[in-house]
Amino acid sequence: MDMNEIKDIFFQECEEQLAELESGLLRINDGDTDPETVNAVFRAVHSIKGGAGAFGLDDLVAFAHVFETTLDCVRSNKLQTSSELLKVMLKSADVLADLTAASRDGGSIDKSRTSVLVKELDAFAKGTPLPASAPEPVKQEAPAEPAPQATDDSGFQPVPFSFDGFEDEAEAAELPDEAIAGRSVFTVRFKPRSDLYAKGNEAVLLLRDLARLGDLQVRCDIDTLPPIDQLDPEGAYFSWLIRVETDKDEEAVRHVFEFAEWDCLIEITPGSDDEAFSAPTAAGEDQPMAPVPFDLSMLEEEPVVPAETAAAVVVPIAAARPAAVAAVEEAPLAPPSLPRAEKALAAEAEKKESAVAAVPAAPQTIRVDLDRVDRLINLVGELVINQAMLAQSVVENETGGSSAINLGLEELQQLTREIQDSVMAIRAQPVKPVFQRMGRIVREIADMTGKNVRLVTEGENTEVDKTVIDKLAEPLTHMIRNAVDHGLETPEKRAALGKNPEGILRLTAKHRSGRIVIEIADDGAGINRERVRSKAIENGLIAADSNLSDEEIDNLIFHPGFSTAEKLSDISGRGVGMDVVKRSIQQLGGRISITSKPGKGSIFTMSLPLTLAVLDGMVVTVANQTLVVPLTAIVETLQPEKQDIHAFGPTQRLIAIRDTFCPLVDVGHILNFRPDLANPIDGVALLVESEGGGQRALMVDAIQGQRQVVIKSLEANYTNVPGIAAATILGDGRVALILDVDAVVTASRGHALSSEMTLSATG
Amino acid sequence: MRVSGNDMCELIAFTIGDQEFCVEVMAVREIRGWTPATPLPHSPGYVRGVINLRGVVLPVMDMSQRLGMDRTDPSQRHVIIVIQTGSQLVGLLVDSVSDILAVAESAIQPAPDVSREMGRDFVQGIIPIEGRMVCLIQLNALFGSIESEAA
């Protein structure tokens, strides 16, 4: 594994940490007072800082450090959370994400924004009233991390690090009864849980860090070590009793265990506990151990000793135990040197890898390259087609009563379906990451527009295909911006209207009949139909005397070139807003609509297919060609009677359906499969719902049946075909085209199909 | 394909009517028999439609019509030469595959300066072989214009 791969993993983990960070902050914002939430937030920032330090990403380290400092104040209850603080912290989380992205992709970020936040964070950290004896809230850097950059004006001072202290260790180890003047003594009881090792931490490294603070006396308690046959190779059995004599404070001692504190029992008490040190160990067979001066050189040379997980596996424990004790007693004292520290780090990294591999985590996950999953999906698609072909040829060859073949075929079909479902499930992902990203968008827009907005998300664990998720972010961003910018009123206006000055934006995801439905609801002013109407007339979109229903007026905002924003802003309202959204959702095979109540707000509802790989379609015949019509578009099918068909002008025909007249569209004609219009009475009409309201009856020759089909791109080897959404392969092995219902309906309104498509291809 | 030292290229020759053409062998992915294609609406006439090539939707182009000659009336004996250009696969409908040629690059003569679209756009050069004449097809020119014409 080379450095870049490790770095990639770091950035992947950063993404997770950032998500954790944001959701944690939001939970706190919503009134979560669980200290574990604060801890989780702190951990996230700390992990990013640690990793960034290892890769020398100084900007990231510097900012994460300041952020972490403030978070630490919250964690230690020195700083009360307030909505102002959380606002700053959420912004800091955004900046941290930006910095991470900038470190990954190159590029730069707005330095002024960072420095403002650094000052704000700092003010919060500093503004905390501190007990007289307490140290600065700013903590020391972990030794492995580079010093923060100049942006760090938080009062951080590099701690001069000297190895001199170790030279006196032999003397100091003579168990001085009194602490040297100005130094304090702490007793640390440290019992790691197996998690500590599983996460790649190492007791020995912690002890070594501790030794840097001053003089140590360490005693290892091995009483709980079970006989070899009961020993869990990945368990943790040792505990340590440590006497630290240092000129640092308790905070510094605690800081050593910072990475580990969730995975061990740690108890730090001021003063020396000589009694504990002199007490014999409970296990009778062992010699009472004298407190052993803890030696650092041994740690590198005999990593086996404290690394009990490793030792337990490698050597019989009975032999290992005396060896361990002997090593501790005999090993000479030597000051640690820097190269050794590096070696230890490398060893740690190595251990981390092996430990991670061995740990049995509760819900196990693996990272898989998306290409591999896509390949699998393609293969399953082939399997589905082949199975259908096989089934058809069996029917055609009329092996007839051969029940064995039919039975086998049936089972194959079932298995294929199951495999397909399972593979699709691999790609199914919760919409959570996208929803979380929206939180940031809302904050930024709210800041820019001076509005007060709270984003409420629901159903963020709703799962949908990864490809859909990836394409969801853009239209969603656009709609959220639109909702904040146009939908919600300013706080003053809201207050004047007797509404809560804080606007609420509700983002909901749910499954409904094989599709995912996402709603964006605001409690703003709703659509001003008067203005939309007059604007549409002004822009020539509708005739001045046209009679439109409220719904039709609302849907005008999806019309290309429509924008009601009075002032054009960077945020939205460049006149390309909602039609772009609508188009990108249609490209996903989705639909979007709006409902609005004046004064109460608007709800945008979009419904999307759960996957872009398969589609439920109605297989129809048109001019001797087989076409697939997406089932979701079809409202109903009907057999036209002669008296239902009415001529309308020279070429148009309408069909009467329960007293309403609906334009009839000859699919074969519009796709140029036949030059003349077919006789409607010979065919079947599919009533389809088109975007923007209005129904059309699509004329086809016959219906063959309903089938789930695998979507194949036409663009891969050819190009976009007007009126055709994609292709598929049917049971007879032939390619069938999937009809683009909306394009056909649009074409039937008089736009030439090809020119319409050219526009959308360039636009 | 070039063979070191000799500047040879290998070509696959095919016939359309009584004329002989060839393409570089490296561009050819496979050769298969004709199967009925699904016509694509609003496509240029020489695009016969799409066929299923083991799960890949493959557009098939009528070479005869593309080169300005008659539209092919395909039968079982006609073949489709599957060509790869860039990342795209395209099938060329021709009468039959006739030969595999190894030709010195120096033997390829420039296309004559005629005004017909075939000579101008699609023929990279002509090769004399044992008294026959084989036209080397320039593949990129063949596909470059599909998109603009289709749209």
Side-chain angles (χ1 to χ4, degrees), chain A residues 377-386 389 622-628 667-674 710-724 726-740 743-744 747 752-762, chain B residues 27-63 65-66 71 74 76 78 80-93 139-151:
Chain A
I377 297 224
N378 277 337
L379 285 173
V380 171
E382 296 314 302
L383 186 65
V384 172
I385 291 162
N386 263 304
M389 284 165 72
V622 175
N624 297 323
Q625 297 298 325
T626 303
L627 283 177
V628 179
V667 175
H669 181 69
I670 228 156
L671 292 181
N672 254 358
F673 284 160
R674 57 182 162 222
V710 178
I711 299 172
K712 299 274 180 183
S713 156
L714 269 178
E715 282 93 336
N717 288 320
Y718 189 59
T719 176
N720 191 359
V721 178
I724 301 300
T728 188
I729 294 164
L730 291 182
D732 58 2
R734 286 195 59 176
V735 177
L737 303 175
I738 300 172
L739 198 68
D740 184 342
V744 168
L753 199 49
S754 38
S755 69
E756 164 81 20
M757 296 311 284
T758 313
L759 270 177
S760 71
T762 52
Chain B
V28 177
R29 283 283 297 274
E30 66 178 276
I31 295 166
R32 50 164 295 148
W34 164 256
T35 45
T38 304
L40 292 170
H42 302 284
S43 295
Y46 57 81
V47 176
R48 296 303 292 252
V50 282
I51 62 166
N52 168 21
L53 181 76
R54 290 184 304 280
V56 175
V57 175
L58 181 80
V60 178
M61 197 186 283
D62 186 334
M63 274 307 279
Q65 198 174 357
R66 183 68 173 132
R71 185 176 170 89
Q76 291 280 353
H78 284 80
I80 293 169
I81 303 176
V82 182
I83 298 281
Q84 177 153 28
T85 59
S87 61
Q88 292 198 316
L89 293 175
V90 177
L92 306 181
L93 170 63
L139 290 171
N140 290 340
L142 226 46
F143 311 126
S145 51
I146 286 188
E147 278 174 47
S148 50
E149 281 184 48

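All figures in this text were calculated on a predicted structure; none of them were measured in a lab. Just so we're on the same page: letters track the sequence lines, and every chain starts at 1.
- Annotation for A/Arg674: atom CZ counts as buried by contact number, over 12 foreign heavy atoms lying within 6.0 Å.
- Remark: the backbone N or O of B/Ile51 is not paired with any side-chain donor or acceptor of A/Arg734 at under 3.5 angstrom.
- Looking only at distances, a side-chain donor or acceptor of A/Asn717 sits under 3.5 Å from a matching main-chain atom of B/Leu89.
- Here the closest non-hydrogen pair linking A/Ile670 and B/His42 is O-NE2, 3.1 Å.
- Looking at A/Ser713, only its backbone comes within 4.5 Å of chain B, counting heavy atoms on both sides.
- Between B/Ser43 and A/Tyr718, the shortest heavy-atom contact is OG-OH, 3.4 Å.
- Residue A/Val735 is tested with B/Val56, B/Thr35, B/Leu40, B/Asn52 for a side chain to side chain contact (heavy atoms under 4.5 Å, CB included); the sole match is B/Asn52.
- Between B/Pro41 and A/Leu737 the shortest heavy-atom distance is CD-CD1, 3.7 Å.
- In terms of heavy-atom proximity, A/Glu715 sits nearest to B/Gln88 at O-NE2, 3.4 Å.
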